[in-house]
Amino acid sequence: MAKEYRTIQEVAGPLMLVQGVENVTYDEIGEIQLANGETRRCKVLEIDGSNALVQLYESATGINLSNSKVRFLGHSQELGVSGDMLGRVFDGLGRPIDDGPEILPEQRRDINGLAMNPAARNYPSEFIQTGISAIDGLNTLVRGQKLPIFSASGLPHAQLGAQIARQARVRGTDENFAVVFGAMGITFEESNFFVESFRETGAIDRTVLFMNLANDPAVERIATPRMALTAAEYLAFEKEMHVLVILTDITNYADALREVSAARKEVPGRRGYPGYLYTDLATMYERAGRQKGKKGSITLIPILTMPEDDKTHPIPDLTGYITEGQIILSRELYRKGVTPPIDVLPSLSRLKDKGIGEGKTRADHSNTMNQLFAAYARGKEAKELMVILGEAALSEVDLIYAKFADAFEQEYVSQGYDTNRSIEETLDIGWKLLNILPRTELKRIDEKYLDMYYGKS
């Protein structure tokens, strides 16, 4: 039986000091029993001799110092995992909120998990089809990769995240595929949008959702992504499933971390975020990947809104260091009505070469991808020149490139949130657009592919 303490000394905001504790450890979970019998949860943040500084999961209202009791449970936060989690909706602490029954756990797992040992990793090399041309064709997602989406406030990252979760699949029908969706600090409307979006399309049957709302406590927000990754690790490495984890919004997570850090009076780092933000993000992101000897895999798409649209802000900056590329959403394309507004030129998937080509997508993929990038970049330059010098100053070829850039945005990038394109459709649309350009301009494509596809669509 855990020992009970009636030695609460003070409560300040989300923090509480308990004196005279024995054998209590960092990160341990505790329960506070109020005089009226109500139970609240807390977590140990700091141990100094026999003093424990704990963080409250719920509000401090009603905690009476003299007649409230605390007992520590002897373990850090755990999640009960089971194959029955698929199709269910949980709150940020892993409690069901979809009116379904409690989960009967097959295992209880510490949510802090462990980053994957680099020596035990398998290199990501298999293509995941998201059904979105700007990702599949140009910034290909590979199984086991960490590919964040950099968005900004007001841009439709929620719709894009939901679309990827609904449409993503591993090619080949015998693969067990699941999606774990973790949302942090979102509004009730957004939460409702995700749940309904998955229910309507039937995607919820292979999805586990963890929803932490904006009015939930900050400390719960810190637990939510770890809950999601713990569920993903179980499905991937115990149930041999290929799991896609989507976490939104990492900015809300980092803000919660900053709030807790400030309450502990830690020395702030860049922009007031704690100095260990990099380490903290890495302990989450590095849980994704493929393990040697295991069939399953975890592919991670963290979504974050860049404060003030600033790529150099600590959150996108550090995320970019840890992950393998980024998909960037553009306000300019959004204003033009391009959906999803993915800006393909600054976006990057560092592993795209590993997941494309013969036997994975199609032999001409690499050539057409390079040619589309080059042509779109030149077309955008031509359009900028047109603004400065006027249309008359452009050569005939430049005008063709400018026309190509417009067609590329409207037909290739813009596909709406309900269109699910196969990789073959995406590659065919690419060829259709390349037909706008004279054959002599297609210098990045092998002659044999030009003979096969140019002028055919």
Side-chain angles (χ1 to χ4, degrees), residues 1-80 90-97 102 108 110-112 184-185 188 210-227 230 252-269 272-277 280:
M1 184 66 189
K3 189 173 174 184
E4 290 187 340
Y5 297 97
R6 290 178 179 266
T7 50
I8 302 173
Q9 285 307 299
E10 63 175 308
V11 178
L15 303 181
M16 185 173 83
L17 181 67
V18 186
Q19 288 188 332
V21 300
E22 294 169 10
N23 302 326
V24 173
T25 57
Y26 170 72
D27 228 15
E28 196 172 320
I29 293 293
E31 286 180 349
I32 306 157
Q33 197 165 14
L34 276 54
N36 64 3
E38 185 190 339
T39 303
R40 295 187 192 167
R41 292 199 287 178
C42 60
K43 175 175 108 169
V44 178
L45 282 185
E46 214 171 283
I47 291 287
D48 178 14
S50 63
N51 293 342
L53 181 69
V54 301
Q55 167 130 28
L56 307 172
Y57 276 113
E58 292 94 355
S59 83
T61 315
I63 296 180
N64 182 317
L65 300 188
S66 55
N67 56 15
S68 297
K69 299 180 287 196
V70 185
R71 65 192 188 97
F72 295 98
L73 305 181
H75 59 78
S76 57
Q77 196 156 8
E78 293 178 334
L79 174 67
F90 302 90
D91 69 2
L93 292 176
R95 298 171 294 207
I97 51 170
E102 287 287 328
R108 296 200 72 82
D110 184 341
I111 65 162
N112 296 304
M184 295 152 283
F188 179 76
F210 291 88
M211 295 290 177
N212 164 270
L213 300 181
N215 59 347
D216 290 333
V219 68
E220 184 178 311
R221 205 156 299 151
I222 293 170
T224 306
R226 294 183 165 80
M227 290 277 173
T230 304
N252 292 339
Y253 168 83
D255 287 346
L257 206 62
R258 177 166 68 177
E259 193 179 312
V260 172
S261 171
R264 291 170 65 178
K265 297 188 170 60
E266 292 174 341
V267 178
Y273 291 96
Y276 50 81
L277 180 64
D280 192 277

Rounding to 0.5 Å, atoms CD (Q9) and CG (L65) come to a distance of 8.0 Å
For S76 and D110 the tightest heavy-atom approach is OG-OD2, 2.9 Å
Looking only at heavy atoms, the pair that brings G92 and N212 closest together is CA-CB, 4.2 Å
Those residues at least two apart in sequence (or on a different chain) that pass side chain to side chain donor-acceptor pair (under 3.5 Å) with T7 are none
Can you give me every donor-acceptor pair (side chain of residues 27-37, partner residue at least two apart or in another chain, under 3.5 Å) with its distance?
from : atom 1 : to   : atom 2 : distance (Å)
D27  : OD2    : N112 : ND2    : 3.0
E28  : OE1    : T25  : N      : 2.9
E28  : OE1    : T25  : OG1    : 3.0
E28  : OE2    : G74  : N      : 2.9
E31  : OE1    : R71  : NH2    : 3.0
N36  : OD1    : E38  : N      : 2.9

Here the salt bridge (charged side-chain N to carboxylate O under 4.0 Å, His left out) pairs for residues 211-227, sequence neighbours left out, are R226-D280
Applying side chain to side chain donor-acceptor pair (under 3.5 Å) to Q55 and not counting sequence neighbours gives none
Decide yes or no on side chain to side chain contact (heavy atoms under 4.5 Å, CB included) for V24 and V44, but give the supporting numbers first. CA-CA 8 Å; V24 173; V44 178; 3.8 Å; yes
All heavy atoms of L93 vs all of Y57, minimum pair found to be CD2-CE2, 3.9 Å
Interatomic distance, SG@C42 vs CD1@I8, rounded to 0.5 Å, equals 8.5 Å
Residues passing the side chain to side chain donor-acceptor pair (under 3.5 Å) test with T230, sequence neighbours excluded, are R287
Look only at the side chain of N252 and the backbone of M184, and say whether a donor-acceptor pair between them is shorter than 3.5 Å. yes
Residues passing the side-chain contact (heavy atoms from CB on, under 4.5 Å) test with P96, sequence neighbours excluded, are R88, F90, D98, E102
Taking only distance into account, with no hydrogens and no angle test, what donor-acceptor pairs under 3.5 Å do side-chain atoms of residues 255-265 form with protein atoms, sequence neighbours excluded?
from : atom 1 : to   : atom 2 : distance (Å)
D255 : OD1    : Y273 : OH     : 2.7
R258 : NH1    : R271 : O      : 2.8
S261 : OG     : E266 : OE1    : 2.7
R264 : NE     : E266 : OE2    : 3.4
R264 : NH2    : L45  : O      : 3.4

The complete set of salt bridge (charged side-chain N to carboxylate O under 4.0 Å, His left out) pairs with one or both residues in residues 7-26, sequence neighbours excluded, reads K3-E22
Residues passing the side chain to side chain donor-acceptor pair (under 3.5 Å) test with T39, sequence neighbours excluded, are none
Sorted by chain and residue number, the ring-ring contact (aromatic ring centres under 6.0 Å, His included) partners of Y253 (sequence neighbours excluded) come out as none
Between L79 and G94, the two heavy atoms sitting closest are CD1-CA, 4.0 Å
Minimal heavy-atom distance between I97 and M211, with the atoms involved, is CD1-CB, 4.3 Å
Thinking salt bridges, do R40 and E58 make one under a 4.0 Å N-O criterion? no
Show me the donor-acceptor pairs within less than 3.5 Å that the side chains of residues 46-54 make with the rest of the protein, sequence neighbours left out.
none

| said: If you count heavy atoms of other groups shown closer than 6.0 angstrom to OH of Y276, is the number above 12? | reply: yes
Heavy-atom closest pair (F210 atom, D91 atom, distance to 0.1 Å) is CD2-O, 3.7 Å
